[in-house]
There are 2 protein chains.
Amino acid sequence: MPTLLQIDFPTEGPWGEQMAAAYAELADLISRTPGLRWKIWTEREEDGISGGIYLFDDESSARAYLAEHTARLSSFGISDIRALVLDVNETLTATSRGPLSA
Amino acid sequence: MPTLLQIDFPTEGPWGEQMAAAYAELADLISRTPGLRWKIWTEREEDGISGGIYLFDDESSARAYLAEHTARLSSFGISDIRALVLDVNETLTATSRGPLSA
C-alpha cells in the first residue's frame, strides 16, 4: 500500500537555485532510496520553511528513510523537524488525479 | 509556478472505505477546483489524522482553495487545521521523479 511521508522544518536556506546547487548530489542519492516512488522538494523563503513530500511503496520503506533523513538533517543543524507518515485513500485520490505510480 | 498545499488536522474519522464513501461527492467537487492539478487524500487512523497534499498552478489558486476548504472543514466541526503553502524546487524535484504535471 503506498505510504506518503510529509516533512517540514524551519531553515535559513539556501533557497531556489542556490538550494538546487547545494543539494544536487543529495537529490541524486535520495532518488535511489529503496521503495521511493518520488519526492517533491518544497521550500518557502518568506516563511523560513523547507521540506518534502514523498511517496513510498510501503510504510517500512518510509520509516527507514525517515530515520536516515532525520539523522542527516540533524547533522546539518536542523531541528524542530515535523514528519507525518500517512496512508493514502486511493479511491478519493483517483477522483482528484493524484499521482501514485512510481 | 506550481504551488504545493499541505493540510492536516486531527479527526475521529471516517477512515478507509467509509471515508471514500462519505466524501465521494466532495472529491468530485474538489477535483474541479480552478487551478488544481491534483490532490492526494491522506489519512492515518492510528494517529487520528487526515489531510491532503495538493498541487496548484499558482499561489493564488492555492490560497483561494485553502480559504474555502478551511471554512468547509470548520463547518464539519474540524479545528486545529495545519496548512502550509509552499513553493516547489523544480530542479531537485525533477531528479527525484516528483510529479508536477496536471
Side-chain angles (χ1 to χ4, degrees), chain A residues 1-9 14-33 36-47 49-55 59 82-102, chain B residues 1-9 14-33 36-47 49-55 59 82-102:
Chain A
M1 192 165 67
T3 298
L4 190 134
L5 174 62
Q6 169 187 316
I7 299 180
D8 57 84
F9 47 83
W15 310 106
E17 290 181 23
Q18 289 186 319
M19 177 186 175
Y23 299 137
E25 279 187 40
L26 179 60
D28 184 58
L29 177 73
I30 288 173
S31 74
R32 290 181 273 109
T33 300
L36 177 70
R37 297 187 184 182
W38 50 258
K39 172 181 181 179
I40 295 174
W41 291 66
T42 57
E43 57 174 320
R44 194 69 174 182
E45 183 170 4
E46 58 259 57
D47 296 325
I49 298 174
S50 281
I53 304 296
Y54 305 74
L55 193 71
E59 181 169 348
R82 185 173 185 271
L84 295 180
V85 174
L86 298 164
D87 299 320
V88 173
N89 191 297
E90 295 187 65
T91 303
L92 295 171
T93 296
T95 301
S96 51
R97 304 176 296 278
L100 301 183
S101 55
Chain B
M1 191 164 66
T3 298
L4 191 134
L5 174 63
Q6 167 187 317
I7 299 179
D8 57 85
F9 47 82
W15 311 105
E17 290 181 21
Q18 289 186 319
M19 177 185 176
Y23 299 136
E25 278 187 40
L26 179 59
D28 184 59
L29 177 72
I30 289 173
S31 74
R32 289 182 273 110
T33 301
L36 177 70
R37 298 188 184 181
W38 51 256
K39 172 182 180 178
I40 295 175
W41 291 66
T42 57
E43 57 174 318
R44 193 71 174 181
E45 183 171 4
E46 58 258 56
D47 297 325
I49 298 174
S50 281
I53 304 296
Y54 305 74
L55 193 72
E59 181 169 347
R82 185 173 185 271
L84 296 180
V85 174
L86 298 165
D87 298 319
V88 173
N89 191 297
E90 296 187 65
T91 304
L92 295 171
T93 295
T95 301
S96 51
R97 305 176 295 279
L100 300 183
S101 54

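Numbered from 1 within each chain, the chains take letters A, B, ... in sequence-line order. Any value given below was found using the heavy atoms of this structure, including those in side chains, with hydrogens, waters and symmetry copies removed.
Ranked by heavy-atom pairs under 4.5 Å with chain A, the first of B/Leu55, B/Thr95, B/Thr33 is B/Thr95. The choice from A/Ser96, A/Ser101, A/Gly98 that makes the most heavy-atom pairs within less than 4.5 Å of chain B is A/Ser96.
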Just list the side-chain donor-acceptor pairs under 3.5 Å for residues 18-31 of chain B, sequence neighbours left out, or say none.
residue, atom, partner, partner atom, Å
B/Asp28, OD2, B/Arg32, NH2, 3.0
B/Ser31, OG, B/Asp28, O, 2.6

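When each of A/Asp47, A/Ile40, A/Ile53, A/Thr42 is checked for a side-chain contact (heavy atoms from CB on, under 4.5 Å) with B/Leu86, only A/Thr42 meets the rule.
Heavy atoms of B/Glu43 lying under 4.5 Å from chain A belong to its backbone as well as its side chain. Looking at B/Leu4, only its side chain comes within 4.5 Å of chain A, counting heavy atoms on both sides.
B/Arg44 has its side chain within reach of A/Val85: a pair of non-hydrogen atoms, C-beta onward, lies under 4.5 Å apart. No side-chain heavy atom of A/Glu45 sits less than 4.5 Å from a side-chain heavy atom of B/Asp87.
Rounding to the nearest 0.5 Å places CH2 of A/Trp41 at 11.5 Å from OG1 of B/Thr91.
With hydrogens and angles disregarded, a donor-acceptor distance shorter than 3.5 Å links the side chain of B/Asn89 to the backbone of A/Gly16.
What you find for A/Arg37 and B/Arg97 is that their closest heavy atoms are O-NE, 3.0 Å.
Applying the salt bridge (Lys or Arg N to Asp or Glu O under 4.0 Å) rule to A/Arg82 yields the partners B/Asp8; only residues at least two apart in sequence or on another chain are considered.
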